[in-house]
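Chain letters run A, B, ... following the sequence lines, proteins first, then strands; residues in each count from 1.
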2 protein chains.
Amino acid sequence: MHTEESTIIQKISKKTTIEPNAIAVVTSLYRIGQGIKNKLEQEVLAKHKISWTSFSILYDLWIYGKMETKELALSAGVSKATISNIMRTLENKSLCRRETDPRDRRNTFVVITPKGKEVIEELYPEFHEGEIAIVKGLKTDDQKQLAATLYKLIKDNKF
Amino acid sequence: MHTEESTIIQKISKKTTIEPNAIAVVTSLYRIGQGIKNKLEQEVLAKHKISWTSFSILYDLWIYGKMETKELALSAGVSKATISNIMRTLENKSLCRRETDPRDRRNTFVVITPKGKEVIEELYPEFHEGEIAIVKGLKTDDQKQLAATLYKLIKDNKF
DNA sequence: TCAGAATCATTAGCTATGAAACGATTCTAC
DNA sequence: GTAGAATCGTTTCATAGCTAATGATTCTGA
C-alpha cells in the first residue's frame, strides 16, 4: 500500500494536507518490522520450534536471570495474558520456572533453568547472524545514524 | 529485549562476533513497526471497526479501483487465505464486490463500491494525520534521509 | 482428444494474541 | 481492626492470521 502518492494526492488533497515523507516513512517502517519478524522466525526460530515472543522472553530471562511476569510483559510488548500462556509453554518445556514471591503472593517471578540457558545460548548466535545480515547492506555510519533516528522515534512516540 | 548489550557481549562473545549496531537497528525497527500498527489501529481504525489489513486492502482498491485477489495478498503482505476471509467481511459490509474473471474463471477480481469509497475517503485523512504525528518530531531532512535508508533496507532484504 | 499437471480461491483447523472477567492477595483509610 | 480499593496472575472468549487440504478450472503434452 501507499505506493502511488500522486494518485492519492489527487484523490483527497482538496480537503487534506498530504505529507509524502510521513507516508513513506510510516509505511516502510511497518513493512520492515513485519519483514524482520517473518524472516527471523522462518530462518532461525522455526527449526527450533520456538515463537518470536517466546524467544524474546527467553532472551530477557537469559540477560536478567530472574524477572517478574509483569516486567516480561512490558519488555516483550505483549499483554499479561500472553505472558501467562507463554510461561505455561516454556515451563512445560522445562526452559524456565515460575516462583511465587513470598513477600507478596500476588507476584510471580520467573527464573531461567539450565536447560533454558542451553537453548538460548545455542539459538542466540544464529539469531544475531540474522540481525547482521539484515543491515549488512548499510554502511556503518548509516547504521549509526539510523539507530539514532529510530531511537528518537521510539522516545517521541513512547513505542 | 536487547537493551543490555554489554551483558550479552560478555555472555557469548567468546564464540560469536557481536555487532551492537545490528542489534539496535533490528530491535528498534521491529518495536516501531508494532508500535505504528497498534497506535493507528487503536486511535484511528478501532472506532470504525475496521482492521489494519482490511484498511490496507480498501486503500489499495481505492487507489487502483480493481485488483486481482492475488495482487491484494502480495500488496498487503498476507496470505491468499487471509484475503479470502477479509473479502467476505468487506463484501458483507458492501464495501467491495468480487467478480469472476470471464476469461479465466479461476481468477477473481475485486472492485470497490461507492460505499467503500465513502468509507475510505472519510477514514484516510484521519489515518494520514496519525502518520504525520508519528514523524513530526523529525526534521524534514531527517525524514527524507530515513525514508531513503528504509527504502534500501526493503530492497536489500526484499521485504 | 484427453489425462494429468498446474493454478486459482476457498474452507477447515490451528496458533497467537488481546480484552474483559475472575479469584486471590495486599494495601489503605478510617 | 476491618471494609473497600487496588493489584496481581489466570482463565475465558473472541479475533486475526497462517498452513494444509479441497474443489473448480485451465493448461499441456502426447
Side-chain angles (χ1 to χ4, degrees), chain A residues 30-31 33-35 37-43 45-58 66-93 96-111, chain B residues 30-31 33-35 37-43 45-58 66-93 96-111:
Chain A
Y30 175 71
R31 179 179 288 264
Q34 282 301 109
K37 184 187 179 200
N38 292 338
K39 179 169 190 165
L40 293 179
E41 265 182 346
Q42 288 168 22
E43 295 182 1
L45 303 180
K47 61 184 137 187
H48 298 274
K49 305 247 183 195
I50 191 166
S51 72
W52 176 271
T53 308
S54 291
F55 174 79
S56 162
I57 286 173
L58 205 54
K66 181 180 188 178
M67 293 178 78
E68 294 185 30
T69 52
K70 60 186 170 184
E71 291 175 327
L72 285 170
L74 189 64
S75 173
V78 295
S79 70
K80 295 182 301 172
T82 298
I83 293 293
S84 190
N85 287 323
I86 288 176
M87 287 320 302
R88 189 179 44 196
T89 303
L90 292 179
E91 216 171 24
N92 287 339
K93 291 183 180 177
C96 61
R97 192 174 68 243
R98 277 179 282 201
E99 291 178 357
T100 302
D101 182 352
R103 301 189 202 179
D104 184 342
R105 300 211 304 264
R106 291 172 302 183
N107 292 345
T108 301
F109 285 109
V110 184
V111 186
Chain B
Y30 175 71
R31 179 179 289 263
Q34 282 302 108
K37 184 187 178 199
N38 292 338
K39 181 168 190 166
L40 294 179
E41 265 181 347
Q42 288 167 23
E43 296 182 0
L45 303 181
K47 60 183 137 186
H48 298 275
K49 305 251 184 192
I50 190 165
S51 73
W52 176 270
T53 308
S54 291
F55 174 79
S56 161
I57 286 172
L58 205 53
K66 181 178 187 178
M67 292 179 77
E68 293 185 32
T69 51
K70 60 186 171 186
E71 289 176 328
L72 285 170
L74 189 64
S75 173
V78 296
S79 70
K80 294 184 300 172
T82 298
I83 294 292
S84 191
N85 286 323
I86 288 176
M87 287 320 304
R88 188 178 46 193
T89 304
L90 292 179
E91 216 171 25
N92 286 340
K93 291 182 180 178
C96 61
R97 191 176 69 242
R98 280 180 279 201
E99 293 177 356
T100 303
D101 182 353
R103 301 192 202 178
D104 183 343
R105 298 212 305 264
R106 292 171 301 183
N107 293 346
T108 301
F109 285 109
V110 183
V111 185

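- Atom-to-atom, CD of A:Glu41 to P of D:dG17 comes out at 15 Å; the value is rounded to the nearest Å.
- Applying the salt bridge (charged side-chain N to carboxylate O under 4.0 Å, His left out) test to pairs two or more places apart or on separate chains, those with a residue in residues 68-82 of chain B are B:Glu68-B:Lys70.
- Over its full length, the helix from C:dT1-D:dA30 to C:dC30-D:dG1 turns its helical axis through 10°, comparing axes from the five pairs at each end and rounding to 10°.
- When the salt bridge (charged side-chain N to carboxylate O under 4.0 Å, His left out) test is applied to B:Arg105, no partner is found at least two apart in sequence or on another chain.
- Rounded to whole Å, the distance from CZ on B:Phe55 to P on D:dA16 is 16 Å.
- With sequence neighbours left out, the salt bridge (charged side-chain N to carboxylate O under 4.0 Å, His left out) criterion links B:Arg98 to B:Glu91.
- Residues that satisfy the side-chain contact (heavy atoms from CB on, under 4.5 Å) test with A:Thr69, not counting sequence neighbours, are A:Ile83, A:Thr108, A:Val110.
- Rounded to whole Å, the distance from CZ on B:Arg88 to P on C:dT10 is 10 Å.
- Every residue was checked against the side-chain hydrogen bond (donor to acceptor under 3.5 Å, both in side chains) condition with B:Thr100, not counting sequence neighbours, and none meets it.
- Rounded to an integer number of Å, the gap from CZ of B:Phe109 to P of C:dC8 is 12 Å.
- Here C:dA9 presents its C1' atom at 13 Å from CG of B:Leu72, a figure rounded to the nearest Å.
- Across the protein-nucleic acid pair, B:Leu74 atom CG and D:dC18 atom P stand 13 Å apart, rounded to whole Å.
- Nucleotide D:dT15 holds its P atom 18 Å from the CG atom of B:Asn38, rounded to whole Å.
- At least one side-chain nitrogen or oxygen of A:Lys70 sits closer than 4.0 Å to the OP1 or OP2 atom of D:dC8.
- Looking at residues two or more places apart in sequence or on another chain, you find a salt bridge (charged side-chain N to carboxylate O under 4.0 Å, His left out) between A:Asp104 and A:Arg106.
- Pairs of residues two or more places apart, or lying in two chains, that qualify as salt bridge (charged side-chain N to carboxylate O under 4.0 Å, His left out) and include a residue from residues 47-56 of chain A are A:Lys47-A:Glu126.
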Taking only N/O atoms, report every protein-nucleotides 14-18 of chain C pair under 3.5 Å with atom names and distance.
| residue | atom | partner | partner atom | Å |
| --- | --- | --- | --- | --- |
| C:dT17 | OP1 | A:Thr53 | OG1 | 2.6 |
| C:dG18 | OP2 | A:Ser79 | N | 2.9 |
| C:dG18 | OP2 | A:Ser79 | OG | 3.1 |
| C:dG18 | OP2 | A:Thr82 | OG1 | 2.5 |

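- Counted by atom type alone, B:Thr82 and B:Ser79 present one or more donor-acceptor pairs between their side chains at under 3.5 Å.
- Scored by the side-chain contact (heavy atoms from CB on, under 4.5 Å) test, B:Glu41 finds B:Lys37, B:Asn38, B:Leu45, B:Trp52 as partners (sequence neighbours excluded).
- The shortest distance between side-chain heavy atoms of A:Thr89 and A:Asn85 does not fall below 4.5 Å.
- Residues forming a side-chain hydrogen bond (donor to acceptor under 3.5 Å, both in side chains) with A:Gln42 (at least two apart in sequence, or on another chain): none.
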Write out a two-atom table: protein N or O, nucleotide N or O from nucleotides 23-26 of chain D, distance below 3.5 Å.
| residue | atom | partner | partner atom | Å |
| --- | --- | --- | --- | --- |
| D:dT26 | OP1 | B:Arg105 | N | 3.2 |
| D:dT26 | O4' | B:Arg106 | NE | 3.4 |

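- Nucleotide D:dA16 holds its P atom 15 Å from the CE atom of B:Met87, rounded to whole Å.
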